[in-house]
Protein chains: 2
Amino acid sequence: MQSTDQQFQFERFSVQKLSYFVVDMNQAIHFLSRHKHSILYGVSLAGLLFVLKWLELKYLIFNNGIEIYIGSIALLFTALGIWLAIRLMKPKIKTVLVEKEVYISNTPFIRNEKELTRLGISKRELDVLQLMAKGLSNGEIAEQLYVSLNTVKTHSSNLFVKLDAKRRTQAIEKAKQLGIVA
Amino acid sequence: MQSTDQQFQFERFSVQKLSYFVVDMNQAIHFLSRHKHSILYGVSLAGLLFVLKWLELKYLIFNNGIEIYIGSIALLFTALGIWLAIRLMKPKIKTVLVEKEVYISNTPFIRNEKELTRLGISKRELDVLQLMAKGLSNGEIAEQLYVSLNTVKTHSSNLFVKLDAKRRTQAIEKAKQLGIVA
DNA sequence: ATCGTCTTCATCCTTTCGGGTGAATTTCAT
DNA sequence: ATGAAATTCACCCGAAAGGATGAAGACGAT
């Protein structure tokens, strides 16, 4: 199920096969640059010069004229430049959100700490939220926690904002959905 | 995590760097032919050759030896190639898949009809209860059911009596406990 | 036809909830 | 130590919820 989703995801972006390839290219660059890949360039240049020298000795170069010779060099190194640039170019990053289904087992309740921290819900707010989920009124919660009614109201108000809820019933519903309360 | 997978994926194919390079070249060439930028390149090459000819005529070229001359050309055209590639390459896109967790309970809800009849909850009251459990306000429930706010308040009041609840949050809590609502 | 339940709606009144704002104190990490 | 976040509490005000009661139409069972 999970893998299928990802599969679809990828297939949807199959038009961008090239970009995946590009990612790979970037990867390769990293490897090269890390491992003295400039040597490659130097070696190729040196090698070319060596070949040229050999050709010069053979009196083959100037038979066709200096222009053609220079032109070849130019073409070759242009290609080299393009090749290098392709390798060295940094890719733009595109972020795709994929929804992953997480099935919650109902018997043992395990608090979802991730969601808690993500939503920025504090300890005290969680206390209020738990009692709220039990069906207690703000006054009863205040009694339970030994704080004033106003304090509970402040906490609950903050909770509604953090849980993006309009009412306490909605807040409880969301909290249960997210595994914040039992 | 996802990107890591891709990383591995591509490193496996790093042996085929050359073929990728060829593909990329084709890409670049394609781009050139399409966007008439090739003219720019041709002109620049021709211009360079012209300058070279001029230099040759001035007997400046061979004073420093053919190797340095060739080297300069190589460097220059490498730079040109890089510049061209940067100008003409399609933007590289790195796709990063980010998983967002969506929580779903795997046990399908089965309504407890026995409790429903035992508590004497009517059909309409159940409607109200369900929407109430979703976190809707009385006003919103009234809209949903095409009845007046007063009607909803009556139903909810009756529900509180039948469910032995003081508040709507308590009623929801009990109803869920008894399997009356999801 | 009559009884009982369901559904609908109303009015009056009280309590609770929730928004907005401000502020004092504590806790905690930099 | 200093600034940010958390905790606490207060006051005001409007909106929503809830309690109590009455009542009218619909609908099925006796």
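Bear in mind the structure is a predicted one, so any value in this text is a computation, not a measurement. Lettering follows sequence order; numbering is per chain, from 1. Side chains are part of it too, since the values below use all heavy atoms of this structure and drop only hydrogens, waters and symmetry mates.
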Once side-chain contact (heavy atoms from CB on, under 4.5 Å) is applied, do any residues pair with A:Lys166, and if so which ones, sequence neighbours excluded?
A:Gln170
Measuring from A:Lys174:NZ to A:Gln177:CD, what's the distance to the nearest 0.5 Å?
9.0 Å
Applying salt bridge (Lys or Arg N to Asp or Glu O under 4.0 Å) to A:Lys176 and B:Glu173, what does each step give before you reach the verdict?
CA-CA 11 Å; A:Lys176 289 193 176 184; B:Glu173 181 62 13; 2.8 Å; yes
Non-neighbouring partners of A:Thr95 that pass side-chain contact (heavy atoms from CB on, under 4.5 Å), sequence neighbours left out
A:Ile93, B:Val98
A:Tyr146 side, atom OH; A:Thr151 side, atom OG1 - distance, nearest 0.5 Å
15.0 Å
For DNA chain D, which residues of residues 148-156 of chain A approach it to below 4.0 angstrom with any heavy atom?
A:Ser148, A:Asn150, A:Thr151, A:Thr154, A:His155
Suppose clustering is done on Ile, Leu, Val, Met, Phe, Trp and Tyr with side-chain heavy atoms closer than 4.5 Å. Which residues sit in the same group as B:Phe109?
none
Quick check for you: to the nearest 0.5 Å, what is the distance between A:Leu80 atom CG and A:Leu75 atom CG?
12.5 Å
Do the side-chain N or O atoms of B:Asn138 get closer than 4.0 angstrom to the phosphate oxygens (OP1, OP2) of D:dA17?
yes
Which residues, if any, of residues 116-137 of chain A bring a heavy atom under 4.0 Å of DNA chain D?
A:Ser122, A:Lys123, A:Arg124
With ILVMFWY side chains joined below 4.5 Å, transitively, what does B:Ile172's cluster contain besides itself?
B:Leu116, B:Leu119, B:Ile121, B:Leu126, B:Val128, B:Leu129, B:Leu131, B:Met132, B:Leu136, B:Ile141, B:Leu145, B:Val147, B:Val152, B:Leu159, B:Phe160, B:Leu163, B:Leu178, B:Ile180, B:Val181
Counterpart residues, side-chain contact (heavy atoms from CB on, under 4.5 Å), relative to A:Ser157 (two or more places apart)
none
For DNA chain D, the residues among residues 162-182 of chain B that have a non-hydrogen atom under 4.0 Å from it:
B:Lys166, B:Arg167, B:Arg168
What distance do B:Ile82 atom CD1 and A:Trp83 atom CH2 have between them, rounded to the nearest 0.5 Å?
10.5 Å
Helix axis bend for the helix from C:dA1-D:dT30 to C:dT30-D:dA1 - C1'-based end axes, five pairs, 10° rounding
50°
Contact interval (first through last nucleotide) of DNA chain C with protein chain A, 4.0 Å heavy-atom:
C:dC17 to C:dG19
Distance in Å, B:Lys162 NZ paired with B:His155 NE2, rounded so as to fall on 0.5 Å steps:
9.5 Å
List, by chain and then residue number, the residues other than A:Leu149 in its hydrophobic cluster (Ile/Leu/Val/Met/Phe/Trp/Tyr, side-chain heavy atoms under 4.5 Å); write none if there are no others.
none
Quick one: does B:Arg111's side chain get under 4.5 Å of B:Gln130's, heavy atoms only?
yes
In this structure, how many angstroms lie between the P atom of D:dA20 and the CG atom of B:Asn158, rounded?
12 Å
Step-by-step salt bridge (Lys or Arg N to Asp or Glu O under 4.0 Å) determination, B:Asp127 to B:Lys123:
CA-CA 6 Å; B:Asp127 290 340; B:Lys123 182 193 166 293; 3.4 Å; yes
Quick one: which residue pairs count as a salt bridge (charged side-chain N to carboxylate O under 4.0 Å, His left out) with a foot in residues 134-151 of chain B, not counting sequence neighbours?
A:Arg167-B:Glu140
